[in-house]
Structures are given as C-alpha cells and as structure tokens.
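In what follows, a single structure is set out as structure tokens and then discussed.
What you are looking at is a predicted structure, and each value in this text was computed from that prediction instead of being measured.
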Amino acid sequence: MRARAVFGALRLAAASVCAVALVHRLFWGLSSQTIAGENFFAYLTVQSNCALVVVLLVGAVLAVTRATDPRWFSVALALVLTWTITAGLAFALIVWQAGLRGIRVDVPWSDLVLHFYLPVCTAVAWILTPGHRAVPWWVVPSALAFPLAWGGVTLWRGPAVGWYPYYFLDPRQVSGPPEFFLTSGVALAIFALVATVIVFGSRVQRHRRERPTA
C-alpha cells in the first residue's frame, strides 16, 4: 500500500500540473486575440486533458484507499491515455509539417506539457503503477468513439464559425476528399495503435504479477 500511496501522490501532482497547464494555455490563446484562442475548448487535446485531470484525481483517491484499481477505472484511464497520447503524437506531426512548409508555430510551455511531457509521464506510470487491472481488448475499438464523435461535431461546426482546430479537417486546406479521408484514416489508425499498446501493456503486467516465483 505504501507504493500505491506514492503513486496516488504522483497522480494528484500530475492532475495539478495538467490543470495549471490548461489554464495557462487558455489565457495564452485568448491573449493572441485570434479565433483559435476563442475556440480553446474545441481542441481534442484540451477536452482529453480535462478528462485526464478528472481521471487522475479519482485515481489518486483510489490509490490511497484500495490495494488495486477497480476494472472500470483502468478502462477509463486506458481510454483517456489513448486520447492524450495520440493528441500529442498528432501535435508533433503538425509542428513538424509546419516546419517543412516554413510556417511558424508558437509553442508555449503549457503546450509542451500537455502534448509531450504529461503523455510520456502517464505512459510510463501506466506500466509501473502497482495495482492496475488488465484491460479488455474491446477498449481498442471503444477508444475510437470519442475522436469520431469529436470529428463529426467539428465538421458540422466548422463552416458555421469558419475555423477548424486542425488543418486536415478544413476543406480549404486539403486538396480534396482523398487527402481528407487518407489523413483522417491515418489519425484513427494511430488512435487504434496507441490503444492496442496500452491494452497489451496492461495484460503483460498482469501476467507478470500472476507468474509464480521460484
């Protein structure tokens, strides 16, 4: 239980850092006085990190009150980690492509925390935290529900506000339907791949715990 308490404190610290980064990113975006700043909560990264704060706070309580996490919590954490890690990978690709095109992208420290540092730390914690439950494989297709719903709302809302959070969703910035479906398909494939790795990691960890010692 002592190790669980330590990881409970780490979950609480991670939730606090994530909340502070979200607040900083909100005010940083608003200070830019652009439509992107006004649509802060339309980003998949922001929505998934808001969910991460809630899940980590719940996880912190569970870590100090229970010897193991309940299965529903492991499933919830696996889903949220899939979304935050994939959002970080997508952001890295967007910044990389912008650099190739000579487009300047300002990245405040809060973006680095939300897109890179927190996903890496939470991914490591997923493997190391004691008391995890094995996650069922149906989490992989279930992880696609949120990005599909978010994408549908974004495509419906985009023409009304004249803005899209990511360039490949904007009909004005892609060459046509083939590029749109190809890019969107790759994004969904990354979500599925990340979810697969997370589920596999949880099951490997369970087998290691259950392996009899000599």
Side-chain angles (χ1 to χ4, degrees), residues 3-66 69-70 72-92 94-95 105-133 135 139 142-143 145-147 149-151 153-154 157 163 165-166 191 194-195 198 201-202:
R4 290 274 296 167
V6 170
F7 276 92
L10 291 175
R11 284 173 174 174
L12 180 59
S16 302
V17 170
C18 188
V20 171
L22 284 168
V23 172
H24 176 271
R25 184 59 179 81
L26 170 61
F27 285 101
W28 184 86
L30 292 175
S31 67
S32 66
Q33 297 182 342
T34 64
I35 192 171
E38 297 170 0
N39 287 274
F40 172 76
F41 289 102
Y43 284 98
L44 186 145
T45 299
V46 171
Q47 295 180 15
S48 60
N49 274 283
C50 286
L52 181 62
V53 171
V54 175
V55 171
L56 288 176
L57 289 175
V58 173
V61 175
L62 292 173
V64 297
T65 57
R66 295 178 56 123
D69 291 327
W72 62 262
F73 174 78
S74 293
V75 169
L77 182 58
L79 291 171
V80 173
L81 290 184
T82 296
W83 304 330
T84 55
I85 292 171
T86 306
L89 293 173
F91 184 76
I94 290 173
V95 172
V105 177
D106 294 324
V107 182
W109 68 264
S110 49
D111 263 340
L112 294 176
V113 169
L114 296 172
H115 289 101
F116 302 127
Y117 302 146
L118 271 177
V120 170
C121 291
T122 51
V124 172
W126 176 255
I127 301 299
L128 299 180
T129 302
H132 263 318
R133 300 290 295 273
V135 178
V139 165
S142 298
F146 170 57
W150 173 87
V153 173
T154 299
R157 182 175 180 271
W163 175 84
Y166 304 104
F191 275 105
V194 172
I198 288 175
S202 75

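- With sequence neighbours left out, N39 forms a side chain to side chain donor-acceptor pair (under 3.5 Å) with R157.
- The distance from the OG1 atom of T45 to the CG atom of L52 is 11.5 Å, given to the nearest 0.5 Å.
- Legend: residues meeting side chain to side chain contact (heavy atoms under 4.5 Å, CB included) with F116, ordered by chain and number and at least two apart, are F91, A92, L112.
- For the pair E38 (side chain) and L30 (backbone), a donor-acceptor distance under 3.5 Å is absent.
- The shortest non-hydrogen separation linking A5 to V64 is CA-CG1, 4.0 Å.
- Nearest heavy-atom pair across A42 and P165 is O-CG, 4.2 Å.
- Annotation: side chain of F27 is in contact with side chain of V23 (closest heavy-atom distance under 4.5 Å).
- Qualifying side chain to side chain donor-acceptor pair (under 3.5 Å) partners for S110, counting only residues two or more places apart in sequence or in other chains: H24.
- Shown here are the side chain to side chain contact (heavy atoms under 4.5 Å, CB included) partners of P147, two or more places apart in sequence or in another chain: L44, W83, L188, F191.
- The salt bridge (Lys or Arg N to Asp or Glu O under 4.0 Å) check on D69 picks up R4, R11, with sequence neighbours excluded.
- Minimum heavy-atom separation, G8 to A60: O-CB, 3.4 Å.
- Taking the centre of each ring, Y166 and W150 come in below the 6.0 Å mark.
- Here V113 pairs with V17, A21, W109, Y117, L118 under the side chain to side chain contact (heavy atoms under 4.5 Å, CB included) rule; sequence neighbours left out.
- Of the possible polar contacts, none joining the D111 side chain to the V107 backbone as a donor-acceptor pair under 3.5 Å is found.
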Worked verdict on I198 versus I85 for side chain to side chain contact (heavy atoms under 4.5 Å, CB included) = CA-CA 10 Å; I198 288 175; I85 292 171; 4.2 Å; yes

So V124 and L128, side chain to side chain contact (heavy atoms under 4.5 Å, CB included) or not? Walk me through it.
-> CA-CA 6 Å; V124 172; L128 299 180; 3.7 Å; yes

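- In this structure, the side chain of T82 does not engage the main chain of A143 through any donor-acceptor pair within 3.5 Å.
- Here CD of Q47 is found 11.5 Å from CG of L22. Values are rounded to the nearest 0.5 Å.
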Start with the C-alpha gap between L56 and L12, add the side-chain angles, then the distance that decides, and say whether side chain to side chain contact (heavy atoms under 4.5 Å, CB included) holds.
-> CA-CA 6 Å; L56 288 176; L12 180 59; over 6 Å; no

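- A distance-only check finds a donor-acceptor pair linking the side chain of S74 to the backbone of R133 [under 3.5 Å].
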Check the pair T84 / L81 against side chain to side chain contact (heavy atoms under 4.5 Å, CB included), numbers first and verdict last.
-> CA-CA 5 Å; T84 55; L81 290 184; 4.3 Å; yes

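- Between the OH atom of Y43 and the CG atom of L114 there is a distance of 12.5 Å, given to the nearest 0.5 Å.
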